[in-house]
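Notes to accompany the following structure.
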Amino acid sequence: MCGRYTIRRADVGAAALRALNLPLFEEFTELKIVPRFNIAPSQNAPVIRPNAAGKPAAGEVRWGLIPSWTKGKPKMQPINARAENVATSAMFRQALERRRCLVPADGFYEWHGSKPPKQPYFIRRKDDGLFMFAGLWERWKPDDDAEPIDTFTLITTTPNELMKPIHNRMPVILSPEDYEKWLDRTAGAEEAIQLLRPYAAEEMEAWPISTRVNRVGNDGPELLEKI
DNA sequence: CCAGACGTTGTT
DNA sequence: GTCTGG
DNA sequence: CCAGACGTTGTT
DNA sequence: GTCTGG
């Protein structure tokens, strides 16, 4: 699940975050965003994470987590992490403690059905506002003297009432009042996992769309048209 | 102790 | 790196 | 998540 | 069928 999402407006970054009037975002770095209708795994996407000073900063990071201890060619690059397992899994535990991030999105896709052709749906806020997915990131160096590569994964949880008919999982969408705590590196894993719950269904809407979205290279507004 | 795995999704 | 299995 | 490749030899 | 790439 959650193997595709959108960032359709360039104002999704700094302006939207400052509008929340959260202290953490007062000095937020301007987030340069190229609108996209089809963000897929293994591509770079903007994420928001604390910089060295603890202030949130934004930059492009590759979707698909490569743990820092990976030797040689990465074998596993999970694009999702189950909220039920992040606290105990050897792969996610450290990232949950120290490397949490926000992944901005203004919509995502989900495929309904057991065998192809599956019916894709587009899901967004009713007010077409901003989502922040809960993410974890890692820094990996292919070799000792190579440039580090940053990657991230999206945390998933059980579906809310809107998503249940479509799928058995959904991405963790954080409430604005939880953004700070999720990024706060002084908050521990125990506090962090409290925030990992299904988002309010009444604030979301979904509709069926064309299977044109299946092709990663398709990246236009027509992907969101109701069918 | 060392060796080997470490994940999710969906599909069967 | 850290946990599990042998 | 879905789509598309899945190989070797030899040459640059 | 299974892996890789987007």
Side-chain angles (χ1 to χ4, degrees), chain A residues 1-7 34 36-47 60-100 103 105-124 131 133-144 148-159 163-173 188-189 193 196 198 206 208-220 223-224 227:
Chain A
M1 72 82 36
C2 201
R4 224 60 86 68
Y5 65 92
T6 67
I7 296 184
V34 179
R36 288 154 69 188
F37 292 83
N38 207 339
I39 297 176
S42 90
Q43 296 178 336
N44 287 336
V47 306
E60 297 257 323
V61 175
R62 194 154 73 87
W63 186 8
L65 195 76
I66 303 173
S68 58
W69 39 259
T70 300
K71 305 292 181 204
K73 198 193 323 179
K75 296 179 190 72
M76 287 182 296
Q77 298 163 68
I79 62 170
N80 297 136
R82 294 174 69 92
E84 299 90 325
N85 301 338
V86 285
T88 49
S89 157
M91 198 171 202
F92 303 127
R93 224 180 115 186
Q94 281 194 319
L96 177 70
E97 190 77 41
R98 303 169 175 280
R99 287 179 300 280
R100 301 185 292 263
V103 182
D106 49 23
F108 62 98
Y109 306 100
E110 199 57 83
W111 283 260
H112 175 65
S114 53
K115 57 180 72 165
K118 293 193 251 182
Q119 175 60 57
Y121 282 77
F122 179 64
I123 301 100
R124 66 167 198 180
F131 285 142
F133 295 144
L136 303 173
W137 68 276
E138 288 274 355
R139 176 161 296 170
W140 173 67
K141 291 179 74 171
D143 301 294
D144 285 343
I149 297 170
D150 287 356
T151 58
F152 73 95
T153 191
L154 294 180
I155 300 175
T156 68
T157 186
T158 51
M163 295 301 298
K164 265 176 196 165
I166 301 173
H167 207 66
N168 61 338
R169 304 291 295 172
M170 68 180 284
V172 171
I173 298 165
I193 57 175
L196 304 180
I209 57 172
S210 161
T211 54
R212 279 178 297 185
V213 71
N214 295 359
R215 194 179 294 270
V216 171
N218 290 341
D219 191 31
L223 295 183
L224 313 183
I227 61 167

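Labels below follow one simple rule: chain letters A, B, ... track the order of the sequence lines, proteins then strands, and each chain is numbered from 1. Basis for what follows: all heavy atoms, side chains included, without hydrogens, waters or symmetry-related copies.
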The side chain of [X] is closest to which nucleotide in this list: [options]?
X: A/Arg215; options: E/dG6, D/dG4, C/dC3; result: D/dG4
X: A/Ser114; options: D/dC2, C/dG1, B/dT11; result: B/dT11
X: A/Gln43; options: D/dA3, C/dT2, E/dG6; result: E/dG6
X: A/Ser89; options: B/dC6, B/dT8, D/dC2; result: B/dC6
X: A/Asn214; options: D/dA3, B/dG7, B/dT9; result: D/dA3
X: A/Ala40; options: C/dG1, E/dG6, B/dG7; result: E/dG6
X: A/Met76; options: B/dT9, D/dC1, B/dG7; result: B/dG7
X: A/Asn85; options: D/dC1, B/dG7, B/dT8; result: B/dT8
X: A/Ala90; options: B/dT11, D/dC1, B/dC6; result: B/dC6
X: A/Arg4; options: D/dC1, C/dG1, B/dT8; result: D/dC1

Are [X] and [N] close enough that a side-chain N or O sits under 4.0 Å from OP1 or OP2?
X: A/Arg93; N: C/dG1; answer: no
X: A/Thr156; N: B/dT9; answer: yes
X: A/Lys118; N: D/dC1; answer: no

Give the rounded distance in Å between these two atoms: [atom1] of [X] and [atom2] of [N].
X: A/Trp69; N: C/dC3; atom1: CH2; atom2: P; result: 12 Å
X: A/Phe92; N: B/dT8; atom1: CZ; atom2: C1'; result: 8 Å
X: A/Glu138; N: B/dC6; atom1: CD; atom2: C1'; result: 12 Å
X: A/Glu110; N: D/dC2; atom1: CD; atom2: C1'; result: 12 Å
X: A/Leu223; N: E/dG6; atom1: CG; atom2: C1'; result: 14 Å
X: A/Trp63; N: E/dG6; atom1: CH2; atom2: C1'; result: 11 Å

Answer yes or no: is there a side-chain heavy-atom contact under 4.5 Å between [X] and [Y]?
X: A/Arg4; Y: A/Asn38; answer: yes
X: A/Arg169; Y: A/Arg82; answer: yes
X: A/Val47; Y: A/Trp137; answer: no
X: A/Thr6; Y: A/Tyr109; answer: yes

Worksheet item: Which part of the nucleic acid, if any, lies within reach of A/Gly64 when heavy atoms closer than 4.0 Å are counted: base, sugar-phosphate only, or nothing?
Response: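 It contacts nothing in the nucleic acid.
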
*For A/Trp111, which contact category applies under a 4.0 Å heavy-atom criterion: base, sugar-phosphate, or nothing?*
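Sugar-phosphate, no base atom in range.
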
Nearest 0.5 Å please: distance from the CD1 atom of A/Ile79 over to the CZ atom of A/Phe152.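 One gets 9.5 Å once the value is rounded to the nearest 0.5 Å.
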
Provide the distance between the two [atom1] atoms, one in [N] and one in [M], to the nearest whole Å.
N: B/dT11; M: D/dA3; atom1: P; result: 12 Å
N: D/dT9; M: B/dA5; atom1: C1'; result: 37 Å
N: B/dC6; M: E/dC3; atom1: P; result: 14 Å
N: B/dT8; M: D/dC1; atom1: P; result: 12 Å
N: E/dG5; M: D/dG7; atom1: P; result: 12 Å
N: D/dC2; M: B/dT12; atom1: P; result: 13 Å

For the student: nearest non-hydrogen atoms of A/Gly3 and A/Trp63, plus distance:
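Smallest interatomic distance, heavy atoms only, reads C-CH2, 3.5 Å.
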
Can you tell me the Watson-Crick or wobble partner of D/dT8, both distances under 3.5 angstrom?
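Its partner: none found.
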
**Q.** Partner nucleotide of E/dG6 by Watson-Crick or wobble geometry (both distances under 3.5 Å)
**A.**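 Checking every strand shown, E/dG6 finds its partner in D/dC1, with both distances under 3.5 Å.
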
Who passes ring-ring contact (aromatic ring centres under 6.0 Å, His included) against A/Phe133, sequence neighbours left out?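 So A/Phe133 forms a ring-ring contact (aromatic ring centres under 6.0 Å, His included) with A/Tyr5, A/Phe108.
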
